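Since the structure comes first, as structure tokens, the remarks are kept for the end.
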Amino acid sequence: MKKYKTMIAALMCLVMLAGTVLLAPTEGAKAATKPAKPVVALSAKGSSVTVTISKTENASGYYIYMKAASDKSFKKLKTLKKDGTEERSYIIKKLSPSTYTIKVKAYANNEGKKVKGAFSEAQTIEIEDKTKDFANAKTGDYIVFGEYEQDNNLKNGKEPIEWLVLSNNRTSLFVVSRYALDCMPYNEVMEPVTWETCSVREWLNGEFYNTAFSDSDKELILTTTVETKDNFRYGTPGGNDTQDKVFLLSMEDMMNPLYGFYSESSDYAHIYQKGEKSLLLNRRCAPTPYAIAQGVPTSTKAKYQTEAKENSCLHYWLRSPGERTHLAAAVEAEGYLEYSGYGCFVTDTAVRPAIVINIPR
């Protein structure tokens with residue numbers, strides 16, 4: 001009996017030893033697949049934050065957590081399921097002004113189970129309230145408001161829109177985009193048309209408005225009664241007044257010195273004599289790379305390329321009528337008004353939106 005007990009004890013020791021040997025590689029494998037601690041960088045652009053995660057050893061994916069200044073705790077914002085063999089980035093869009101803290105945890109897939117690693121170092125970034133500077137903006141200043149595709153890199157999201165301030169009456173700002181943002185006909189069909197009935201007005205107050213502005217932005221954009229006067233040279237009817245959120249400037253706007261523009265349409269002889277060359281050049285407008293990709297041509301005249309820092313659109317639309325009812329006025333590359341107009345169906349003319357922004361108090 002004693003002999004059998006000794007044999008049983010020896011067998012049990014062998015089993016335990018074997019179990020230890022067999023388990024050791026498995027536990028080692030688990031330890032090897034545990035992901036490294038991620039390294040994270042943040043960058044802000046308008047109301048968006050880009051989270052960039054460096055290549056992370058053994059990472060099968062990531063959890064992104066975020067906390068605003070008013071939040072008590074972090075909330076899981078996004079799971080990135082692709083692995084960490086390359087640098088990863090994720091854009092958090094339409095954030096309200098606040099200070100945000102973001103951290104990331106990597107995970108590794110191990111035989112159907114997720115092995116989580118340690119959190120990255122928490123990174124903090126601020127989304128500024130751009131409206132706080134509106135009250136002090138003056139004619140000729142630039143402000144940032146809304147977002148639209150501009151660099152023609154669709155992977156990195158939209159870019160903040162810069163606006164040229166035309167006037168500030170202390171309750172609202174009248175602004176026009178610094179750059180031409182897109183390219184399209186004044187009207188899609190060759191037929192008699194006014195600003196009230198043209199397709200570019202529908203696009204500006206529909207697709208563009210909803211694409212470029214967040215809900216909080218829209219609360220600041222005023223509905224404006226837009227008057228489009230008859231063509232001052234030919235008497236072509238301008239049509240009925242409209243109620244618009246977004247619109248194009250008129251020829252009268254482009255001849256208003258209070259907005260920083262030259263006071264005449266195309267008085268070539270007196271521009272330099274009066275020292276108003278700069279006011280004429282203020283009408284020039286460069287297109288964004290995206291607008292160029294959509295079909296906006298730029299001036300090929302070296303003279304006009306060297307008189308300003310940026311090459312100008314060959315022409316961009318105004319809402320005013322041209323010589324006849326199927327033509328619309330425009331601004332040419334050198335800053336002169338094309339008051340006789342271009343065919344409303346021309347597809348290579350730039351679009352430069354204007355809006356009126358309420359100044360919060």
Side-chain angles (χ1 to χ4, degrees), residues 11-128 144 147-160 211 214-216 289-290 293:
L11 287 171
M12 290 179 66
C13 289
L14 288 172
V15 169
M16 291 174 65
L17 180 61
T20 301
V21 172
L22 290 171
L23 286 172
T26 304
E27 291 173 355
K30 286 183 179 180
T33 59
K34 187 175 181 180
K37 184 177 180 179
V39 176
V40 176
L42 307 180
S43 61
K45 184 184 291 185
S47 63
S48 299
V49 169
T50 298
V51 182
T52 302
I53 309 169
S54 299
K55 179 180 176 180
T56 305
E57 186 178 358
N58 295 326
S60 300
Y62 302 97
Y63 301 115
I64 298 176
Y65 294 80
M66 184 176 74
K67 180 171 73 71
S70 58
D71 295 333
K72 294 182 178 179
S73 58
F74 283 91
K75 298 176 183 177
K76 187 164 76 171
L77 182 69
K78 180 71 176 180
T79 300
L80 298 181
K81 295 183 179 180
K82 294 183 179 180
D83 62 40
T85 58
E86 300 291 342
E87 181 180 276
R88 297 295 311 283
S89 63
Y90 176 70
I91 301 175
I92 308 170
K93 298 182 178 181
K94 298 182 178 180
L95 294 172
S96 300
S98 183
T99 299
Y100 293 90
T101 304
I102 294 171
K103 59 183 181 179
V104 174
K105 177 181 286 188
Y107 68 83
N109 287 321
N110 184 26
E111 298 180 357
K113 295 182 179 180
K114 291 183 178 179
V115 179
K116 299 177 182 179
F119 274 113
S120 68
E121 297 295 331
Q123 303 290 329
T124 300
I125 197 163
E126 182 180 2
I127 297 296
E128 296 181 358
V144 175
E147 295 180 329
Y148 197 69
E149 180 58 44
Q150 294 173 71
D151 66 0
N152 203 37
N153 181 354
L154 303 182
K155 294 182 180 180
N156 65 0
K158 297 178 288 187
E159 287 71 44
T211 300
S214 66
D215 289 344
S216 58
Y290 175 78

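Just so you know, these numbers use all the heavy atoms, side chains as well, and skip hydrogens, waters and symmetry mates. Sequence positions, counted from 1, serve as the residue numbers for this chain. Since we're looking at a predicted model, the values are computed, not measured.
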Nearest atoms (heavy-atom pairs only) where Ala44 meets Ile125:
N-CD1, 3.4 Å
Are the side chains of Val49 and Ile127 in touch, meaning some heavy atoms are under 4.5 Å apart?
yes
If you define the side chain from C-beta out and look only at heavy atoms, does anything of Lys114 sit under 4.5 Å from Asn109?
yes
Pi-cation contact, Phe119 with Lys105 (under 6.0 Å, within 45°)
yes
Any Leu42 side-chain heavy atom under 4.5 Å of Val51 side chain:
yes
Ser214 and Ser216: side-chain donor and acceptor closer than 3.5 Å?
yes
Is a donor on one side and an acceptor on the other found under 3.5 Å between the side chain of Thr99 and the backbone of Ala69?
no
Hey, is the main chain of Glu159 close enough, under 3.5 Å, to the side chain of Gln150 for a donor-acceptor pair?
yes
Less than 4.5 Å apart, any side-chain heavy atom of Lys78 and any of Met66?
no
Sequence neighbours excluded and cut-off under 3.5 Å, please list the side-chain donor-acceptor pairs for residues 81-93, or say none.
{"unit_1": "Asp83", "atom_1": "OD1", "unit_2": "Thr85", "atom_2": "N", "d": "3.1"}
{"unit_1": "Asp83", "atom_1": "OD1", "unit_2": "Thr85", "atom_2": "OG1", "d": "2.7"}
{"unit_1": "Arg88", "atom_1": "NH1", "unit_2": "Lys82", "atom_2": "O", "d": "3.3"}

Side chain to side chain, Glu149 and Leu154, heavy atoms closer than 4.5 Å:
yes
Measure from NZ or CZ of Lys67 to the centre of the six-membered ring of Phe74 and say whether it is under 6.0 Å with the direction within 45° of the ring axis.
yes
Heavy-atom closest contact (Val144 atom, Pro160 atom, distance):
CG1-CB, 3.4 Å
Is there side-chain contact between Leu80 and Ile53, with heavy atoms separated by less than 4.5 Å?
yes
Answer yes or no: is there a donor N or O on one side and an acceptor on the other, between the side chain of Thr33 and the main chain of Asn110, under 3.5 Å?
no
